[in-house]
Amino acid sequence: MTQTGERRRPAEPGRRPRADRTERVERTRRGQRSQARRGRRSGYDRRRITRPARRKELRRRWVAVLSVLTVIALVHLLWFSSMLGVRQVDVLGASSVPAEQIRAAAAVPDQIPMLRLDTDDLRDRVAQMPGIATVDVSRSWPGTIEITVTERAAIAFFDSGPGGDGIHLVDGGGVVFKTVKERPAGLPELKLPSVSADDPVTRAVTGVLGVIPQQLLKQVTTATAKTPGSVEFALADGKTVRWGTSADTERKAKVLAALLTREGKVFDVSAPDLPTVS
């Protein structure tokens, strides 16, 4: 008997049916297309992420460059430019010493940048002036230097005699700082072989004159000493006071005030607990 229609060929051993192969190929193609689409999206996403990151990096670089330029400009302005240079020198506290002499001693270069000015060197130059006791130098922005001085105050005078070089004013530290033509009124005279800030006897005498009460100082006409501990001075009424050292000033002043009410020529308060009158 003859059989009509196509007879299916039996599957070979180890070989998958055609339908399975077709399905597998189709899955492979779909996977490749999916991967391609994912790859395109991934690249686009990466570009979207990369562009802002690049802009931020460029912004950071520009900020860094501008910061460096700003620092350079400030250094130039403060250290090298005359825009913030010295334009004025003010002198404060001077009366007997002319301000122009102080400016000349300071020798501040015109237009020098304020930060480059050595204020310590300027202070030392002014401090070398005989009539100046202390100096303070400060900057007042944008272009003024202020020199504040404390002048030496005379507490006594020293007459070098006919063969000497004149009459000298002496301050409380024994510094001879000025020469005058005439004896100054109201100041005691130092009766010492020599007067110098380096001399312990000079410093002892001027130290005592600097601490005794002002009312007593006005009565003193001369002061002398042989040693730093034997200071004595003469009063306008001819009385002599043996003061000793500069210690116990208040105690000695009170004891002396009581002693001066008594009769006598020499009033010794060098030991205030055992004062004597002779």
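Predicted model, so just to flag it, every value in this text is computed and none were measured. Worth knowing before you read on, the calculation uses all heavy atoms, side chains too, and leaves out hydrogens, waters and symmetry mates.
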*May I have the step-by-step check of side-chain contact (heavy atoms from CB on, under 4.5 Å) for Thr144 and Arg87, ending in yes or no?*
CA-CA 6 Å; Thr144 301; Arg87 302 180 185 277; over 6 Å; no

Got a list of side-chain donor-acceptor pairs under 3.5 Å for residues 254-263, not counting sequence neighbours?
from	atom 1	to	atom 2	distance (Å)
Thr261	OG1	Ala258	O	2.5

_Please determine whether residues Phe158 and Val180 belong to a single hydrophobic cluster, defined as Ile, Leu, Val, Met, Phe, Trp and Tyr linked transitively by side-chain heavy-atom distances below 4.5 Å._
no

*Could you give the distance from CZ (Phe267) to OG1 (Thr276), rounded to the nearest 0.5 Å?*
10.0 Å

*What side chain to side chain donor-acceptor pair (under 3.5 Å) pairs are there with at least one residue in residues 94-107, not counting sequence neighbours?*
Ser95-Glu151, Ser96-Glu151, Glu100-Arg103

*asked:* When you group the ILVMFWY residues by side-chain heavy-atom contacts below 4.5 Å and let the links chain together, are Val89 and Leu92 in the same group?
replied: no

*Does Glu182 have any side-chain hydrogen bond (donor to acceptor under 3.5 Å, both in side chains) partners at least two apart in sequence or in another chain, and if so, which?*
none

*asked:* Please check: side-chain N/O of Lys252 versus main-chain N/O of Ala247, any donor-acceptor pairing under 3.5 Å?
replied: yes

*asked:* With clusters defined by side-chain heavy atoms of hydrophobic residues (ILVMFWY) lying less than 4.5 Å apart, directly or transitively, does Val91 cluster with Met114?
replied: yes

*Tell me, please, which residues at least two apart from Asp110 pass salt bridge (charged side-chain N to carboxylate O under 4.0 Å, His left out).*
none

*With sequence neighbours excluded, give me every side chain to side chain donor-acceptor pair (under 3.5 Å) pair touching residues 204-223.*
none

_Euclidean distance, Leu209 CG relative to Trp243 CH2, rounded to 0.5 Å_ = 10.0 Å

_Ala106: which residues meet the side-chain contact (heavy atoms from CB on, under 4.5 Å) condition with it, sequence neighbours left out?_
Val108, Leu122, Val126, Ile147

*Counterpart residues, side-chain hydrogen bond (donor to acceptor under 3.5 Å, both in side chains), relative to Thr179 (two or more places apart)*: His168

*asked:* Counting C-beta onward and ignoring hydrogens, is there a side-chain heavy-atom pair between Val137 and Leu117 closer than 4.5 Å?
replied: no

*Ile132 vs Ile102 side-chain heavy atoms within contact, under 4.5 Å*: yes

*Pairs meeting criterion salt bridge (Lys or Arg N to Asp or Glu O under 4.0 Å) with involvement of residues 162-181, two or more places apart*: Arg152-Asp171

*For Ala225 and Val205, work out which heavy atoms get closest and say how close.*
CB-CG2, 3.6 Å

*Is any side-chain heavy atom of Val208 less than 4.5 Å from a side-chain heavy atom of Phe233?*
yes

*Keeping to residues at least two apart or across chains, list the side chain to side chain donor-acceptor pair (under 3.5 Å) pairs with something in residues 229-240.*
Thr227-Ser230

*Any pair with a residue in residues 118-137 that passes salt bridge (Lys or Arg N to Asp or Glu O under 4.0 Å), sequence neighbours left out, goes on the list, sorted by first then second residue, please.*
Asp120-Arg123, Asp121-Arg125

_Can you confirm whether more than 12 heavy atoms, excluding those of Glu250, are under 6.0 Å from its CD atom?_
no

*Indicate if Phe177 and Met129 have the same hydrophobic cluster label, given that clusters are the connected sets of ILVMFWY residues with side-chain heavy-atom separations under 4.5 angstrom.*
no

*When rounded to the nearest 0.5 angstrom, what distance separates CD1 in Ile145 from CZ in Arg139?*
6.0 Å

*Say whether, by atom type as modelled, one donor and one acceptor occur between the side chain of Ser160 and the main chain of Gly166 under 3.5 angstrom.*
yes

*Where Pro184 and Leu169 come nearest, the two heavy atoms and their spacing*: CG-CD2, 3.7 Å

*asked:* Restricting to non-hydrogen atoms, name the atom on Pro228 and the atom on Ala204 that form the minimum distance, rounded to 0.1 Å.
replied: O-CB, 3.4 Å

*Decide if atom CZ of Arg242 counts as having more than 12 heavy atoms of other residues, nucleotides or ligands within a radius under 6.0 Å.*
no

Please tabulate, for the side chains in residues 186-196, all donor-acceptor contacts under 3.5 angstrom to protein atoms that are two or more places apart in sequence or on a different chain.
from	atom 1	to	atom 2	distance (Å)
Glu189	OE1	Arg183	NH1	2.9
Ser196	OG	Asp198	N	3.1

*asked:* Would you say Val266 ends up clustered with Leu274 if hydrophobic residues are merged whenever their side chains have heavy atoms under 4.5 Å apart, either directly or through other cluster members?
replied: no

*Which residue pairs pass the salt bridge (Lys or Arg N to Asp or Glu O under 4.0 Å) test with at least one member in residues 265-278, sequence neighbours excluded?*
Arg251-Asp273

